[in-house]
Amino acid sequence: MAESTPHWAPIVVLLFLGTVFVTGVSLVVLLYGAARRSKRYAKIGGTAALTIVGCYLLLLCGVSLASSEKTLPPGGWKYFCELDCHIGYSVVGVQTTGVIGPAMKQESAHGQFVIVRLKVWFDEHTISRNRGDGPLTPNTRRIVLVDANRDTYLESSEAVAKLGRPNGDVGPLRQPLHPGQSFAKDLVFDVPRAAPGLRLLITEDDPETFLVIGHENSLLHRKIYLSLDSAPNIISQINSLESNR
């Protein structure tokens with residue numbers, strides 16, 4: 001199971017850039033008219049700018065209102081569409097614990113630590129014919145846990161620092177990937193023990209995505225979540241890897 005954001009990335013990005021360009025030209029005409037005290041040019045520029053921006057926002061909100069919230073099961077992929085390729089994210093394991101770290105330097109949770117193993121994959125089946133095998137560095141992501149009450153929980157940097165993973169944690173989430181490459185990253189959240197229905201929300205952290213039509217960050221658009229329910233236990237994954245060596 002897979003979902004992607006935004007759909008038709010090349011088209012909506014070009015539409016966004018085209019709107020910015022034409023609006024900019026309209027504003028130049030408006031300023032020219034104001035400087036020359038020409039009501040005609042000022043009116044043309046101002047009317048064009050307002051019409052273009054209004055139509056774009058109307059289309060953006062219309063697409064957002066037509067969207068629906070999605071929750072992908074463990075193993076399902078959430079894709080972020082670049083212009084010529086896709087980066088996928090999937091929950092492949094979950095573990096809960098009250099403490100993290102070596103015996104003499106343990107970090108205790110205020111509630112409980114939820115450790116989420118996230119797999120990141122540069123899907124080689126989504127690249128354009130002319131792209132080649134060059135590496136891609138994923139854009140900045142914002143990652144939170146969200147419960148059924150819509151409360152959000154940020155990653156615990158203190159717990160991450162104490163987490164020692166011989167298998168699974170391989171460095172920054174934004175490390176470059178070649179087509180077909182993947183890695184797993186362990187994320188740690190400190191959440192109340194009674195927090196119900198936990199889901200992982202990964203979104204782009206670039207401000208311009210708020211104005212891209214069909215992007216989940218855009219105004220009023222519904223989100224795509226990754227469920228933690230029924231995800232494999234991380235400890236059992238590590239034991240399985242070690243037994244197969």
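- You'll find the side chain of Leu198 reaches within 4.5 Å of the side chain of Val191, heavy atoms only.
- Note: His221 NE2 to Leu65 CG = 9.5 Å, rounded to the nearest 0.5 Å.
- With values rounded to the nearest 0.5 angstrom, Ile143 atom CD1 is found 9.5 Å from Lys185 atom NZ.
- Atom CG of Leu58 is separated from atom OH of Tyr56 by 12.5 Å, given to the nearest 0.5 angstrom.
- At distances below 3.5 Å, not a single donor-acceptor pair connects side-chain atoms of Thr47 with backbone N or O atoms of Ile44.
- The same ILVMFWY cluster, assembled from side-chain heavy atoms under 4.5 Å apart, contains both Leu60 and Leu15.
- Put simply, Tyr153 and Leu200 are part of the same group of oily side chains (I, L, V, M, F, W, Y) that touch within less than 4.5 Å, one to the next.
- By the criterion of side-chain heavy atoms lying less than 4.5 angstrom apart, applied directly or through intervening Ile, Leu, Val, Met, Phe, Trp or Tyr residues, Met1 is grouped together with Val120 in one hydrophobic cluster.
- At least one side-chain heavy atom of Val94 sits less than 4.5 Å from a side-chain heavy atom of Val114.
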Using the rule given for side chain to side chain donor-acceptor pair (under 3.5 Å), can you reason through His178 versus Glu124, listing the C-alpha separation, both sets of side-chain angles and the distance that settles it, and then say yes or no? CA-CA 8 Å; His178 290 271; Glu124 71 274 23; over 6 Å; no
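- Contact between Thr140 and Arg174 at its shortest, heavy atoms only, is N-NE, 3.6 Å.
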Start with the C-alpha gap between Thr203 and Arg141, add the side-chain angles, then the distance that decides, and say whether side-chain contact (heavy atoms from CB on, under 4.5 Å) holds. CA-CA 6 Å; Thr203 57; Arg141 310 295 186 207; over 6 Å; no
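- For the atom pair CZ of Arg199 and OG1 of Thr152, the computed distance is 12.5 Å after rounding to the nearest 0.5 Å.
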Is there a side-chain contact (heavy atoms from CB on, under 4.5 Å) between Ile213 and Trp8 once you walk through the steps? CA-CA 10 Å; Ile213 293 172; Trp8 308 104; over 6 Å; no
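- Between Val91 and Leu226, the closest side-chain pair of non-hydrogen atoms falls below 4.5 Å.
- The residues Arg117 and Asp186 are annotated as salt-bridged, a charged nitrogen and a carboxylate oxygen being separated by less than 4.0 angstrom.
- When the side chains of ILVMFWY residues are joined at heavy-atom separations under 4.5 Å, either directly or via intervening members, Leu154 and Leu145 end up in two distinct hydrophobic clusters.
- Side-chain atoms of Ser26 and Ile52, non-hydrogen and from C-beta on, do get closer than 4.5 Å to each other.
- Between the side chain of Ser156 and the backbone N or O of Ala159, at least one donor-acceptor pair lies under 3.5 Å.
- Shown here for Pro6 and Cys81, the closest heavy-atom pair between the two residues is O-SG, 3.3 Å.
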Under the criterion side-chain contact (heavy atoms from CB on, under 4.5 Å), I'd like the reasoning laid out for Ser90 against Leu118: C-alpha separation, chi angles, the key distance, then a yes or no. CA-CA 6 Å; Ser90 180; Leu118 185 70; 5.8 Å; no
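- When all heavy atoms of Ser182 and Lys119 are compared, the closest pair comes out as OG-CE, 3.5 Å.
- Nearest heavy-atom pair across Ile127 and Gly132 is CD1-O, 4.1 Å.
- Side-chain atoms of Tyr225 do not come within 3.5 Å of backbone N or O of Ile202 as any donor-acceptor pair.
- Looking only at distances, no side-chain donor or acceptor of Thr23 sits under 3.5 Å from a matching main-chain atom of Val20.
- Cluster membership check: Val146 does not share its hydrophobic cluster with Phe189, using side-chain heavy-atom separations under 4.5 Å among Ile, Leu, Val, Met, Phe, Trp and Tyr.
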The test is side-chain contact (heavy atoms from CB on, under 4.5 Å); show your working for Val212 and Ser218 and say whether it passes. CA-CA 6 Å; Val212 175; Ser218 61; 6.0 Å; no
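- Salt-bridge check for Arg150 with Glu69: passed, with a basic side-chain N closer than 4.0 Å to an acidic carboxylate O.
- Side chain of Asp147 to main chain of Asn149: a donor-acceptor pair is present (N/O by atom type, distance under 3.5 Å, no hydrogens or angles).
- By the 4.5 Å heavy-atom criterion applied to side chains, His86 and Trp77 are not counted as neighbours.
- Annotation for Gln175 and Phe183: closest pair CG-CE2, 3.4 Å, computed over non-hydrogen atoms.
- Listed here is the closest heavy atom pair of Ala34 and Ala42: N-CB, 4.4 Å.
- Salt-bridge annotation for Glu3 and Lys223: absent, with no side-chain N of the basic residue lying under 4.0 Å from a carboxylate O of the acidic one.
- Two residues are said to be in side-chain contact when any heavy atoms from C-beta on lie closer than 4.5 Å; Ile100 and Thr97 meet this criterion.
- Considering only heavy atoms from C-beta on, Ser68 stays 4.5 Å or farther from Arg222 through its side chain.
- Residues Leu136 and Pro176 fail the side-chain proximity criterion, which asks for heavy atoms closer than 4.5 Å.
- Residues His110 and Asp190 bring a donor and an acceptor atom of their side chains to less than 3.5 Å of each other.
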Stepwise side chain to side chain donor-acceptor pair (under 3.5 Å) check, Glu204 with Asn139: CA-CA 7 Å; Glu204 290 199 67; Asn139 293 331; 3.1 Å; yes
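- Ion pairing of Lys78 with Glu216 is present here, as a side-chain N (NZ or NE/NH1/NH2) and a carboxylate O approach within less than 4.0 Å.
- From Asp123, atom CG reaches atom CZ of Phe80 across 14.5 Å, with rounding to the nearest 0.5 Å.
- Going from atom NE2 of His215 over to atom OG of Ser64 covers 11.0 Å, rounded to the nearest 0.5 Å.
- The closest donor-acceptor contact from the side chain of Ser227 to the backbone of Leu72 lies at 3.5 Å or more, if one exists at all.
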Tyr89 and Tyr79: ring pair (Phe, Tyr, Trp, His ring centres under 6.0 Å), yes or no, with the steps? CA-CA 6 Å; Tyr89 296 82; Tyr79 286 107; 9.2 Å; no
